[in-house]
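Report on one structure; see the data block that follows.
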Amino acid sequence: MERIQSIRGMRDLLPADMPLWQFVEGTARDLLSRFNYSEIRTPLLEPTALFARGIGEATDIVAKEMYTFADRDGESVTLRPEGTASAVRAYLEHNLANELPLNRLWYLGPMFRHERPQKGRFRQFYQLGVELLGAAHPAADAEMIEILWEFAAALSLRAVSVHLNSLGCAACRPGYREALVEYFTGRVGELCPTCTERLHKNPLRVLDCKVEGCRRAAEGAPHMLDKLCAECAAHFDAVRAYLDQLGIAYALDHRLMRGLDYYTRTTFELLAEGLGAQNAVAGGGRYDGLVEMLGGRPTPAIGFAAGLDRIVMLLAEQGARAPEAPLVFVVALDTESHKSALSLMRELRRSGLRVECDVRCGSIKSQMKLADRRGARLALILGEEELRTGTVTLKDLAAAESADKQSRVPRQGLDALIRDKLRLRVSEEMRP
RNA sequence: GUGAGUGUAGCUCAAUUGGUAGAGCGCCAGACUGUGGAUCUGGAUGUCGAGGGUUCGAGCCCCUUCACUCACCCCA
C-alpha cells in the first residue's frame with residue numbers, strides 16, 4: 001500500500017516546530033496591539049478576478065503561480081497568493097473607510113503560490129501582513145517601517161537590514177523607465193540572455209539580476225531616486241527624516257524593485273543573511289493606486305508582508321529558543337494513587353500550572369522516564385505512603401543531586417509551594 | 001517552467017571490482033519490583049523510493065517514474 005504524503009511544497013509544522021512559531025506569532029500580535037492595529041481575517045479562497053486585477057495580469061504570480069480552479073458552479077476561484085488584495089477587498093466590501101478615515105489592519109495566515117520549492121520557499125507559506133489605509137503622508141510610511149523594525153527587534157533577529165527605495169509615481173516612473181532602456185540598450189552585449197529579453201518586458205528587473213556581467217553593466221545605470229518628480233522626491237526625503245528621527249538604520253538600495261503592479265513611491269525590504277537565495281524576510285511599500293483599481297475611491301495606502309517561514313528558519317539557525325512554561329509531571333504508583341492524582345492535577349491546572357502524567361500508568365521507572373523525555377521540571381510522586389499521610393513527594397528533576405532535590409511535602413497548599421520553587425529556579429537561570 | 005544533486009531502519013549514514021544489508025543515535029525492556037537523565041545487558045524495526053530490464057545472481061549496472069534538496073526564474 002503506497003503511503004499518502006503531503007503535497008509538494010506543503011509541509012507539516014510539527015510539535016517540535018511550534019514553540020518558535022507561537023513565539024513569532026505572539027510577538028506580532030503583541031506588537032501590533034501596541035500600535036493599535038486591528039486584526040482582520042479574510043477567506044483563503046477568493047474570486048480569481050480579485051488577484052488578476054489587483055496584483056497585475058502580467059506578474060509572474062498571476063500569470064503562472066496561482067492555484068486557480070473552477071468551483072462546482074463553474075466560477076473561477078483562487079487560493080490567495082498574498083493578502084493585500086483580500087484585505088482591500090474586505091475594506092471596500094464593508095465600507096471600513098466610512099467608519100474611520102484611517103484604517104490600521106493586520107492579518108496572519110497561509111498564502112499559496114505554485115512555485116518550485118527551495119530553501120525558504122514553499123507552496124503554502126505563512127505571511128504576517130500589515131496595512132495602513134487612508135494616509136498619503138510620509139509619516140505613514142515611517143510608521144510602517146518602524147513596525148517592521150520593532151518586529152525584528154522584538155524577535156532579536158540578527159543580521160538583518162532594512163533596504164529602502166522609491167519607485168516614483170505615474171508621473172515620473174515612465175521617464176525613468178525610458179532612461180533605463182536607453183542606458184542598457186547601449187550595452188546589450190554585456191547582458192545575459194534573460195536580461196536582453198527583460199530589457200523590453202521589464203527593464204527595472206535588469207537592475208537586480210545576479211549575473212556578474214549584468215551587475216557590472218548596471219553599475220553606471222541611472223537611479224530612480226535621481227529621476228523622481230518633485231513631489232515624490234519631497235515625500236521620500238520626509239520619510240528618511242522620520243527614520244533618522246527614530247534612529248532606524250537603512251540602506252538606500254536603488255535596485256530594490258517590487259514584483260507586484262500596485263506599488264508606488266516608497267518600497268522597503270528586510271533582508272537577512274543565512275537564508276540561502278531567498279533572503280527577503282519582509283517586503284512592502286506604498287500602493288496608492290490599488291484601492292481605486294479594485295473599485296474604491298482613490299485611497300492612499302501602505303503596507304508590508306513578512307514571511308513567517310523564513311523568520312522562523314532564521315531564528316532556528318540563530319539558535320533561538322522559545323520560552324516555554326515549566327512542566328509539572330505527576331507520577332502515580334498504583335490505581336488508588338492514580339485516582340488521587342487526577343484530583344491533584346485538576347487542582348494544579350486550575351491554578352494555572354502546566355501539568356501532565358503518564359496515562360499508560362506503567363512502572364514508576366517508565367513514568368519517570370517519560371517525565372524526563374517531556375522535559376518536566378518537577379515530578380510529583382504519589383504512592384501508598386503519600387496517600388496515607390496526605391503528602392506528595394516532590395522531586396526537582398533539573399536540580400543536581402543534593403539534599404533538597406527530593407522532599408516530602410504536604411498536599412495542602414501545594415500549588416503555592418510549586419510556584420515558589422519554579423520562580424526560584426527561573427531567577428537562578430536568569431542570572432548571567 | 002529550466003538545471004544539478006540525492007533517495008538504504010524513526011534519525012544520521014556505511015556496504016571492497018554486482019554475491020540476496022550493517023553501525024551510531026533514538027525507541028522498548030531489564031540490571032536490590034517506590035524514582036528519570038550517566039553506564040551495562042538484551043530486544044524490535046527495513047518489500048535497500050517505485051516499476052521494468054541486463055545477469056546464474058543487483059542496494060550497487062541500464063531505462064522509466066516518483067519524491068526530496070539546492071539553484072535559476074520570481075518572491076515573503
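So you know, we letter chains A, B, ... as the sequences are listed, proteins then strands, and number each from 1.
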Next on the checklist: Working to the nearest 0.5 angstrom, can you tell me the gap between A:Thr393 OG1 and A:Arg408 CZ?
Outcome noted: 4.5 Å
Checklist entry - Side chains of A:Tyr37 and A:Glu143: is there a donor and an acceptor less than 3.5 Å apart? => result yes
Checklist entry - Is a side-chain donor-acceptor pair under 3.5 Å present for A:Glu65 with A:Tyr67? => result no
Grab the [atom1]-[atom2] distance between [X] and [N] for me, whole Å please.
X        : N     : atom1 : atom2 : value
A:Glu336 : B:G34 : CD    : P     : 17 Å
A:Arg360 : B:A29 : CZ    : C1'   : 12 Å
A:Leu207 : B:C74 : CG    : P     : 12 Å
A:Asp372 : B:U35 : CG    : P     : 15 Å
A:Tyr262 : B:C75 : OH    : P     : 11 Å
A:Arg8   : B:C68 : CZ    : C1'   : 8 Å
A:Gln278 : B:C72 : CD    : P     : 7 Å
A:Phe268 : B:A76 : CZ    : C1'   : 12 Å

For [X], report the nucleic acid contact type (base, sugar-phosphate, nothing); a contact means any heavy atom under 4.0 Å.
X        : result
A:Ala371 : nothing
A:Glu385 : base
A:Thr393 : base
A:Glu65  : sugar-phosphate
A:Glu269 : nothing
A:Gly120 : base

Checklist entry - Pick one: which of A:Tyr107, A:Tyr91, A:Trp106 meets side chain to side chain donor-acceptor pair (under 3.5 Å) with A:Glu131? => result A:Tyr107
Mark yes or no for a side-chain to base donor-acceptor pair under 3.5 Å between [X] and [N], with no hydrogen or angle criteria applied.
X        : N     : answer
A:Arg310 : B:C75 : yes
A:Arg121 : B:C70 : no
A:Lys405 : B:G36 : yes
A:Gln367 : B:U35 : no

Next on the checklist: Using 30° and 60° as the class boundaries, would you call the ring planes of A:His223 and A:His254 parallel, tilted or perpendicular?
Outcome noted: parallel
Exam field: side chain [X] to backbone [Y], donor-acceptor pair closer than 3.5 Å:
X        : Y        : answer
A:Arg349 : A:Val355 : yes
A:Thr264 : A:Asp288 : yes
A:Arg310 : A:Asn279 : no
A:Lys395 : A:Ala379 : no
A:Tyr176 : A:Pro222 : yes
A:Asn165 : A:Met257 : no
A:Glu292 : A:Gly289 : no

When rounded to the nearest Å, what value does the distance between [atom1] atoms of [N] and [M] take?
N     : M     : atom1 : answer
B:U39 : B:C48 : P     : 33 Å
B:G10 : B:G51 : C1'   : 26 Å
B:U17 : B:C27 : C1'   : 38 Å
B:G30 : B:G36 : C1'   : 16 Å
B:G42 : B:G53 : P     : 43 Å
B:C68 : B:U12 : P     : 15 Å
B:A15 : B:G59 : C1'   : 9 Å
B:A9  : B:G46 : C1'   : 5 Å

What pairs of nitrogen or oxygen atoms, one from the protein and one from nucleotides 43-45 of chain B, lie under 3.5 Å apart?
none

Next on the checklist: At a heavy-atom distance below 4.0 Å, what parts of residues 104-118 of chain A sit against RNA chain B?
Outcome noted: A:Arg113, A:Glu115, A:Arg116, A:Gln118
Checklist entry - Looking at A:Leu290 and A:Gly54, what are the two nearest heavy atoms and their distance? => result CD1-O, 3.6 Å
Item to check | Contact nearer the 5' end of RNA chain B, comparing A:Ser363 with A:Phe125 | outcome: A:Ser363
Checklist entry - For A:Met368 and A:Ser6, take the nucleotide of RNA chain B holding the closest heavy atom to each; which residue's nucleotide lies nearer the 5' end? => result A:Met368
Checklist entry - Which of the following nucleotides, B:G37, B:U35, B:A76, is nearest to the side chain of A:Lys369? => result B:G37
Checklist entry - Any idea which of B:U35, B:A76, B:A71 is nearest the A:Lys119 side chain? => result B:A71
Checklist entry - Checking side chain to side chain contact (heavy atoms under 4.5 Å, CB included) against A:Arg113, which of A:Arg80, A:Lys64, A:Arg123, A:Glu82 comes through? => result A:Glu82
Scan nucleotides 31-33 of chain B against the protein and return all N/O pairs shorter than 3.5 Å with their distances rounded to 0.1 Å.
none

Next on the checklist: One thing to verify: whether A:Asp309 and A:Arg11 come together as a salt bridge, which I'm taking to mean a side-chain N less than 4.0 angstrom from a carboxylate O.
Outcome noted: yes
Checklist entry - How does RNA chain B look in dot-bracket form if you count Watson-Crick and G-U pairs under 3.5 Å, write [ ] for pairs that cross, and put | where a base pairs with another strand? => result (((((((..((((........)))).(((((.......))))).....(((((.......))))))))))))....
Next on the checklist: Less than 4.0 angstrom between a side-chain N/O of A:Arg373 and OP1 or OP2 of B:C27, yes or no?
Outcome noted: yes
Going by atom type alone, with no hydrogens or angles, which donor-acceptor pairs under 3.5 Å involve a side-chain atom of residues 13-32 of chain A and a protein atom two or more places apart or on another chain?
residue	atom	partner	partner atom	Å
A:Asp17	OD2	A:Leu14	N	2.8
A:Thr27	OG1	A:Phe23	O	2.6
A:Asp30	OD2	A:Arg34	NH2	3.0

Side-chain donor-acceptor pairs under 3.5 Å in residues 312-330 of chain A, sequence neighbours left out?
residue	atom	partner	partner atom	Å
A:Glu317	OE2	A:Lys119	NZ	3.4
A:Gln318	OE1	A:Arg158	N	3.1
A:Gln318	NE2	A:Arg158	O	2.8

